[in-house]
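If you read the sequence from its start, that first residue is 1, and numbering goes on from there.
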Amino acid sequence: MKKYLLRVSVLGLILVSCSKDLDFDMVDDIAINPSGTIPLATLTLNLGDLVNDVDSTIVVDPDNSLRIYYRQDSVFTYSASDILTIPDQDPFELAVSKAQPFFRVGVALGTIAGAQLGGATFSDGTVGMEIAASDSAQSDIRFKLTFYNATLNGQTYSDTFTLDALQRTLSDSSLISGLSFDFSDGGTRVNFLDIGIRVLDDDTAALPDNVVYSCGVALRNLGLEVASGYFGQRVQAAPAGNFNFDVNGIANFAGGLFLTNPNVTLITKSTVGLPIQITTDFDGENSERTRVSLDAPPFNILASPGPGIVQESRFTLNANNSQITNFLANIPETILYAGDISLNPDGNVGPPNFIASTSNVVIDFEVDVPMEMRMEDMRLDQTIEDFSISAGGNEDFFEKLTLYFNSENGLPLDLNLRVVMQDSVTSDSIAGFQIGLLNAAPVDNNGRVIAPAIADNEVVFDQTLISALLRSGSLRFIAEVNSTNNGQDAVKMYSDYELVIRSAIEANSNIKVNSL
């Protein structure tokens, strides 16, 4: 029989990676005599070996206790454009003529969700000019557009547009990268635009009499560099997504894991100058596609105190304010997330909001949990494919085989193992057996093991089991794991815990086994 039986049965003992190398002391060339019982293998597992991997999520504390640490950075990333955008503006209408060659007006900048801007600088955008004349002129007509409350390179912004001779319409635009606006009109208003248009030609007599030039001015494709003011009170959806929950070894288990001191911390880093409240929706999905919600309450993200300053906020979820115990007991392998973000949840209070093009809010997901737990009927289910054992074409090659197991279990875990033999052709279950492979080591009042538990077990392969074994194409191992006292006692895991399993085999015939 292959050595998979021992290897897989032991992998269900603890929350470790099933690819972790275990210390097998195997007998490579075994001769089995009719009445002889010989050693087969010895397995040694020390929990301290689990932390040697560079990517291990299990760490050792100074008292040798084990802890699970996992962090997923940038679960949510909320950028400046998600918080404040300036929509394309409807044209502001200004009209000039021979009788009135200059026109100046104050208008309101259109914003979203009641945003009230005191100032802003735009990294890009255009100012568009649409001119419609009631009649054409014999010469070019120039128009000077001025934003009196905007500067570019320290100078009041203006630009000139030309309506060609004999033309009655003009559609043109200019880039306004770096344009800065004071929307406050000296601190007395918000969203204020001061616009003027003037006919530049000195000889206005050249203008046709009674011709009106309707000028439509529109700001479009505005990209914010910086802005300040009040950005409104609104709720909007946060970006949804998912990530793998890659904690060593737990993906192969199903249910029954209850951490007694669980917590998850949501760490936010904000360079946005406004308060935000976020309602998260984390769902953990296990290997059987069962989902359990974390049910986290809303939490507040503090505003950055100044441009370029990172403000960190931390929010811890525990058994008192969430469903974290059931969330982790479901043993998720994938975590799906979504949520809602509320800007300025208390309204227009406190200092003015500010934002820059590089501003964002980033949320990290951190699990830092001592390995203090109950395991109640936690199940590990694995199948070894392409299993085969040769009997030289003779099913009577073996009359009887007996496997013996002796364990010195320094882990506070019971393990009951069920082995199912599956037909090589149909994959149907054809036979199997169960064994109580390990008894949980007793623990003291602090959940620490006080002595190893000794157990002796045997599995007898009669003719029925031997026949089924020879027909098997795969073996399915189903292990149920319970902590001390049938899963009712909480236990702690320490790096000095050790497990030793010895095995032997007895048969009634002379055979030689070379690759167990």
inquiry  = With side-chain contact (heavy atoms from CB on, under 4.5 Å) as the criterion, how do Val292 and Asp283 come out once you've worked through the C-alpha distance, each side chain's angles and the decisive distance to 0.1 Å?
reply    = CA-CA 6 Å; Val292 173; Asp283 289 325; over 6 Å; no
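With no hydrogens or angles considered, no side-chain donor-acceptor pair links Glu372 and Asn261 at under 3.5 Å. A donor and an acceptor atom, one from each side chain of Asn344 and Asn353, are located under 3.5 Å apart. Checking Ser174 against Asp159 by side-chain atom types alone, a donor-acceptor pair falls below 3.5 Å. Side-chain atoms of Gln422 and Ser474 form a donor-acceptor pair, as typed in the model, at a separation below 3.5 Å. In this model, a donor atom of one side chain and an acceptor atom of the other lie less than 3.5 Å apart for Ser65 and Asp63. Side-chain contact, Tyr337 with Gln72: no donor N or O sits under 3.5 Å from an acceptor N or O. With 3.5 Å as the limit, one finds no donor-acceptor pair spanning the side chains of Ser270 and Thr268. For Ser180 and Thr121, the side-chain atoms include at least one donor-acceptor pair closer than 3.5 Å. Side-chain polar atoms of Asn482 and Asp414 form no donor-acceptor pair below 3.5 angstrom.
The neighbour count for Arg67 CZ, taken as heavy atoms of other residues, nucleotides or ligands under 6.0 Å away, is above 12. Annotation: Asp90, atom CG; neighbour count of heavy atoms from other residues, nucleotides and ligands within 6.0 Å does not exceed 12.
The salt bridge (Lys or Arg N to Asp or Glu O under 4.0 Å) contacts involving residues 307-321 comprise Glu312-Arg314, Arg314-Glu366, where partners must be two or more places apart or lie in separate chains. Within the structure, every pair that satisfies the salt bridge (Lys or Arg N to Asp or Glu O under 4.0 Å) test and touches residues 256-273, not counting sequence neighbours, is listed here: Lys269-Asp364.
Tyr494 carries Arg448 over the face of its six-membered ring, with the cationic atom under 6.0 Å from the centre and within 45° of the normal.
The main-chain N or O of Ile450 is never found under 3.5 Å from a side-chain atom of Asp444 such that the two would form a donor-acceptor pair. Between the side chain of Thr265 and the backbone N or O of Phe315, no donor-acceptor pair lies under 3.5 Å. Without hydrogens or angle criteria, Gln236 side chain to Ile83 main chain gives no donor-acceptor distance under 3.5 Å. Between the side chain of Asn485 and the backbone N or O of Gln488, no donor-acceptor pair lies under 3.5 Å. Using a distance-only test at 3.5 Å, with no hydrogens or angles considered, no donor-acceptor pair links the side chain of Asn330 to the main chain of Phe327. Put simply, the side chain of Asn318 gets close to the backbone of Asn321: a donor and an acceptor are under 3.5 Å apart. A donor-acceptor distance shorter than 3.5 angstrom exists from the side chain of Asn191 to the backbone of Ala115, with no hydrogens or angles considered.
Under the 6.0 Å cut-off for aromatic ring centres, Phe243 and Phe365 qualify, their centroids lying closer than that.
The pair Arg289-Glu333 meets the salt-bridge criterion, since a charged nitrogen lies less than 4.0 angstrom from a carboxylate oxygen.
The ring-ring contact (aromatic ring centres under 6.0 Å, His included) search around Tyr230 returns none, not counting sequence neighbours.
Contact annotation: the side chain of Leu259 never approaches that of Thr325 to less than 4.5 Å [non-hydrogen atoms, C-beta and beyond].
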